[in-house]
Number of protein chains: 2
Amino acid sequence: MTTQATPGPLLPSAAAATALRPARAAAVTGGFWSRRRAVNAEASIPQGPGLLEAAGNLHNLRVAAGAHAGEFRGQYPFVDSDVYKWLEAACWRLSELGPGEGGPTARRLEGDVERIIALIAAAQRPDGYLNTWFQLGKGEGRFLDLRWGHELYCAGHLIQAGIAHHRATGRDALLAVACRFADLLVAVFGADAPERIDGIPGHPEIETALVELFRETGERRYLDLAGLLVDRRGHGLLGGEGYFQDRVPLREARSVEGHAVRQLYLLAGAADVAAETGDRSLLAAGERLWEAMAATKTHLTGGLGAHHDDESFGDPHELPTERAYCETCAAVASVHWNWRLALLTGRARYADLAERTLYNALIAGVSLDGHSWLYVNPLQVRDGHADPGGDKTIRRTRWFRCACCPPNVMRLLAALPHYLASTDGAGLQLHQYATGLFAGECSRGPLVVSANTDFPWQGHVRIVVQEAPSRAEWTLSLRIPHWCARYVVRVGREVVPATARAGWLRLRRAWQVGDQVDLELDLTPRLTCADPRVDAVRGCVAIERGPLVYCLEEADHPGGGLDRLVLNTEADLVDRYRPDLLGGVTVITASGWRRPRAGAKNWWPYRTAQGASRGARRTPAGAPGEPVTLTAVPYYAWANRTDGAMRVWLPTA
Amino acid sequence: MTTQATPGPLLPSAAAATALRPARAAAVTGGFWSRRRAVNAEASIPQGPGLLEAAGNLHNLRVAAGAHAGEFRGQYPFVDSDVYKWLEAACWRLSELGPGEGGPTARRLEGDVERIIALIAAAQRPDGYLNTWFQLGKGEGRFLDLRWGHELYCAGHLIQAGIAHHRATGRDALLAVACRFADLLVAVFGADAPERIDGIPGHPEIETALVELFRETGERRYLDLAGLLVDRRGHGLLGGEGYFQDRVPLREARSVEGHAVRQLYLLAGAADVAAETGDRSLLAAGERLWEAMAATKTHLTGGLGAHHDDESFGDPHELPTERAYCETCAAVASVHWNWRLALLTGRARYADLAERTLYNALIAGVSLDGHSWLYVNPLQVRDGHADPGGDKTIRRTRWFRCACCPPNVMRLLAALPHYLASTDGAGLQLHQYATGLFAGECSRGPLVVSANTDFPWQGHVRIVVQEAPSRAEWTLSLRIPHWCARYVVRVGREVVPATARAGWLRLRRAWQVGDQVDLELDLTPRLTCADPRVDAVRGCVAIERGPLVYCLEEADHPGGGLDRLVLNTEADLVDRYRPDLLGGVTVITASGWRRPRAGAKNWWPYRTAQGASRGARRTPAGAPGEPVTLTAVPYYAWANRTDGAMRVWLPTA
């Protein structure tokens, strides 16, 4: 554990201007995330090759490679990226298996990875170009449609897959493919390109990939191109639309806007550029945009994106419930970006938002069995919902025509340990609580701690020092989540009167191997309300417990009528762990009422507030309806039983 | 007045199974609607030919006619319909001018109409086909793309224009074009067509047009085809999607669904078929769908359509404010459909919804000067709104790439008198109150009444009998609007102790010429709240006065912060007529508070309701903010001064 670094997607260079660095090694060995990652590794990822075959993605590569003839299959110019994201996921999965570990499933996975990489290498043009949509004759020609062509977007995912393969296996076949394409991009889009295209990609993603390729290869030209693409944006090269984040330069933007995933990938890339160049103004712009996003455009679940139309952010405080878009990919991208800002600044708030996103918006996107997916993640499904079907369905779906989300979740969960802890030369920081081993450095040598917890069901986390230089002082930093009003920390048997500052509880000592820290986070269920400008949820509260947002589902409320429920805010919230339910969850019961059905005579749903008018509906006096027990389950687990109504925000009167 | 019938868009046959028939003659001669119609006639309609020329619509017809060469201009296969709708508007406008009336503007209009009709006739193929998109080589070929081709939709508007031209001028040039196309459609889609296409149009509209063509020509085959197209729908011929109302047959549908304008045009057509065939089950289905729509899918303004995505209805009670779609065309279509149901059944509720739609959702779609338009009609524009531009802008716009709405409003306003009054052989019914003359029949002969009113600013309406058979009893029916809690009616100087039943106040007497009825409707401003299932406006009220919905605009609240306003529901609403403002409107002032801006430290907009948590925002004790005077203006007049925030629904706590 101590000697071998865990490969991960982000490895800042030695000179990077980050406050923190990813933990030298990190492993999740039990508990909540271990179970979710096992499903990812054993159910979701192994299905990839079959699904990519059925959807035509691999067919397209074979045709591009000249292995056989055929037409392009699929509807979009970015379908190659599904293959790359799946490869990245598979590589992170393989990276955590020792030689011979994982049995036949792992051997088959290894074989699939190498087979598909060979196919990709064969499909690449001699000059490095690779995009089957254009190679198979769709579209107008390479780099002619930067708005919608997605060539640089796909290149970005190819590069990330190449890096993952290299870091996980030490092999460089895919990395070489990636470098060839990246070199072509430098030759076409770079500052010194002889016949330069002053272009930028319609969908960011290449930026963060190029920075990581610089980190992996040491080739400065990749970093330079990334910086160039960030700063070329916002000057109208794509037509000046907010959708593309091309209305104003990122450094001048006042809020996040346009297509949410595009915006977030761009911001992740800009953070990477800032980390490697030390560009403080670029970092400041990112932090400012994060504040605007967190305070005015983030759903309670951490979900991002208010409009189905254009998959975009809305106006400030425009956070609808049933029409929350909250694309699963936006949750993935948000975790990516938050992690980068956490490393750059060391601030706890980025881990706060990442935690909320991981436990809610993100894992809601995959079913508990790992077999089906949500692209759109609403906070409410109404009684009598008529589902539109297609990719914008809010029913779990086996795969999508636009299948960006499933392999995105796969790669994040496969690399999850990477996003949990950091080190800074003075000690170790635990950003998220999971059972596992986390390694860092202090000036005197390597550090390793273990963590054991049943979080988020229990608030107790036990941390034990597993390795530390003797008699050297270093700091163990524990994040106190922003939802946590009360906590207790013990070292050995003694309560430590320490207080978190700016979200971090810092414990500095000459830690000895075997030293034990017990952190107790209060998980009492709570009712949460929103800024009054969030019109969508006025007069409502949500039930939360620890990092988990809860929801009511029709499955727990026979007879339905979820839109007629009212929560009694005076009554107790009672939490109980139910090992039999939804793979084991803590359920919260509350009490309230169900309003009566409206009479058939009321054809108009509005009435005079202070008087009466013909045809108006009267509110019954006294209790608003029949008493009912409300049963709330974690939002992430919704839609795993039957279809039906669901709601996070509950009316209180 | 009494001898000459006013031409209008709807003329049920003598055998039609309607409870009421349109007034034999109707004219608006003063007051609110007279002013709006003058702007329509003098500003909006005269601009049509220039706008249609600039947008390429007329060019397309010239190319189709072989008058010159060129490519199709415009982006959509339905642009011909803009020409037809404009022609219909121009014809209704011309129909109300006596010979020589209207001056040079009218002469120019007449010339434009005849010139464009000649162009249309020249563009028609010998077999009757006419659609410039397909004639100019776009698309796959005629009737091959019924989902999106819009050939039958355009044919419907052509037919309606042909009927309007014939009824307005007595000329049959355009009607002949329409009949040729309709005959082709019967030959292709009719039950007895030799090589029948079992198809239906992606966008309904042809159905209502074919029924009216039957009425105009007496040719039963047009009615038969209309009935066939209504009943073929819902069996998957278009793929079975709710968007196209093709998921279930209309007779079995439980609620309105899919694209709002498609749904409403279909329902108008079905009502027409029911009227001419006496099909009670088809009428019952329409009434049932109306109830589901009115009670669960109608915005306070009468606006329809909850989703920008697909321009569609949402789920029941899903009625967002800033993302209300409320396409202007849907308001037009709703008035069309409500009028048909009012005639079929005689029920007042259809005029209630039509009134609400006319005064709010519909005329909000055109600027006060008649020069610019809204396609989308939200009920809220947030502080800091970032407008998307394009056709889905919520800023007033000169014309749209998809310019369906402007000529639709033009034709409705030009034909407005037609929608105000009816007759049934036993008397006259005033559905809407406007200054003008309205003629009907009783068994003993013709009836004419005049109405004089400053409605909706004043609640007084004076009705004077202008013509009536002597010593014959007949019934004057006055609709008491559903918003009206108090009213008084006098005949001569005597208060009549009559009570409205089901929305109608019936006054049966042997009326004499000169008899005078004074109706006083109470217009006290009121606060309105919504069914608690309308989540979007929980904890809010709207200000209404008579049929008018009010809104707050940034223009009246310097310093903005509309999203931070709170209404004091205990304070008085004060109304005052302001002749200087917005063309003359009654303004309502109220009082309330403006919440303080949130501090910059609050990065998370949610907080624990019953306790405190780190980083959470506190509500200040006592008053929610600084006291402010709120100034409300009629919703229809919004966005006529400066861009800025607007809201209809006001938080109360």
Side-chain angles (χ1 to χ4, degrees), chain A residues 242 257 291 294-296 298 300 307-310 315-318 320-323 349 380 382-386 388 392 482-485 503 526-536 538-541 563-564 569 595 598 602-615 617 651, chain B residues 242 257 291 294-296 298 300 307-310 315-318 320-323 349 380 382-386 388 392 482-485 503 526-536 538-541 563-564 569 595 598 602-615 617 651:
Chain A
E257 69 176 12
E291 281 165 14
T296 71
T298 306
L300 184 64
H307 293 178
H308 280 236
D309 208 38
D310 282 353
D315 286 330
H317 303 106
E318 185 191 338
T321 55
E322 73 265 60
R323 294 292 281 178
R349 64 186 193 176
Q380 178 186 13
R382 286 183 180 275
D383 295 326
H385 168 67
K392 291 185 177 175
H482 74 139
W483 48 261
C484 182
R526 60 196 192 275
L527 296 179
T528 299
C529 60
D531 184 303
R533 289 170 292 181
V534 184
D535 294 272
R538 179 173 289 106
C540 292
V541 296
D563 290 343
R564 290 183 282 119
T569 56
R595 294 179 195 275
N602 301 312
W603 64 264
W604 190 236
Y606 309 97
R607 65 181 175 83
T608 299
Q610 80 279 54
S613 73
R614 183 165 61 79
R617 174 173 302 153
Chain B
E257 70 176 10
E291 282 165 13
T296 72
T298 306
L300 185 64
H307 293 179
H308 281 235
D309 206 40
D310 282 354
D315 286 331
H317 303 106
E318 184 191 339
T321 54
E322 74 264 59
R323 295 291 280 178
R349 64 186 192 176
Q380 178 185 13
R382 285 183 182 276
D383 295 327
H385 168 66
K392 290 186 178 174
H482 73 140
W483 48 261
C484 182
R526 60 195 192 275
L527 297 179
T528 299
C529 60
D531 183 302
R533 288 170 293 181
V534 183
D535 294 272
R538 178 174 289 105
C540 291
V541 296
D563 290 343
R564 290 183 284 120
T569 56
R595 293 178 195 275
N602 301 311
W603 64 264
W604 189 237
Y606 308 97
R607 64 182 176 82
T608 299
Q610 80 279 53
S613 73
R614 182 164 62 80
R617 175 172 302 152

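Per chain, numbering begins at 1; letters A, B, ... match sequence-line order.
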Take B:Lys392 and B:His308 through the side chain to side chain contact (heavy atoms under 4.5 Å, CB included) test and state the conclusion after the steps.
-> CA-CA 8 Å; B:Lys392 290 186 178 174; B:His308 281 235; 4.2 Å; yes

Take the angle between the ring planes of A:Trp603 and B:His482 and call it parallel below 30°, perpendicular above 60°, tilted in between.
-> parallel

Which heavy atom of B:His317 sits nearest a heavy atom of B:Ala295, and at what distance?
-> NE2-O, 4.0 Å

Which heavy atom in B:Cys529 sits nearest to a heavy atom in B:Val541, and how many Å separate them?
-> CB-CG1, 4.4 Å

Which answer fits A:Ala536, side chain, backbone, both or neither, if we ask what part of it has an atom under 4.5 Å from a heavy atom of chain B?
-> backbone

Proximal component of A:Pro316, with respect to chain B [non-hydrogen, under 4.5 Å] | both

Which of B:Glu257, B:Arg564, B:Arg349, B:His307 touches chain A most, by non-hydrogen pairs under 4.5 Å = B:His307

For A:Asp383, is it the side chain, the backbone, both or neither that has a heavy atom under 4.5 Å from a heavy atom of chain B?
-> backbone

Given A:Thr569, A:Asp535, A:Val534, the one with more heavy-atom pairs under 4.5 angstrom with chain B than any other is A:Asp535

Are A:Arg382 and A:Asp563 ion-paired here, with the side-chain N under 4.0 Å from a carboxylate O?
-> yes

Among A:Ala294, A:Gly242, A:Gly384, A:Gly539, residue most engaged with chain B (heavy-atom pairs, under 4.5 Å) | A:Ala294

For A:Glu322, is it the side chain, the backbone, both or neither that has a heavy atom under 4.5 Å from a heavy atom of chain B?
-> side chain

Do A:Pro320 and B:Arg323 come close enough that some side-chain heavy atom pair is under 4.5 Å?
-> no

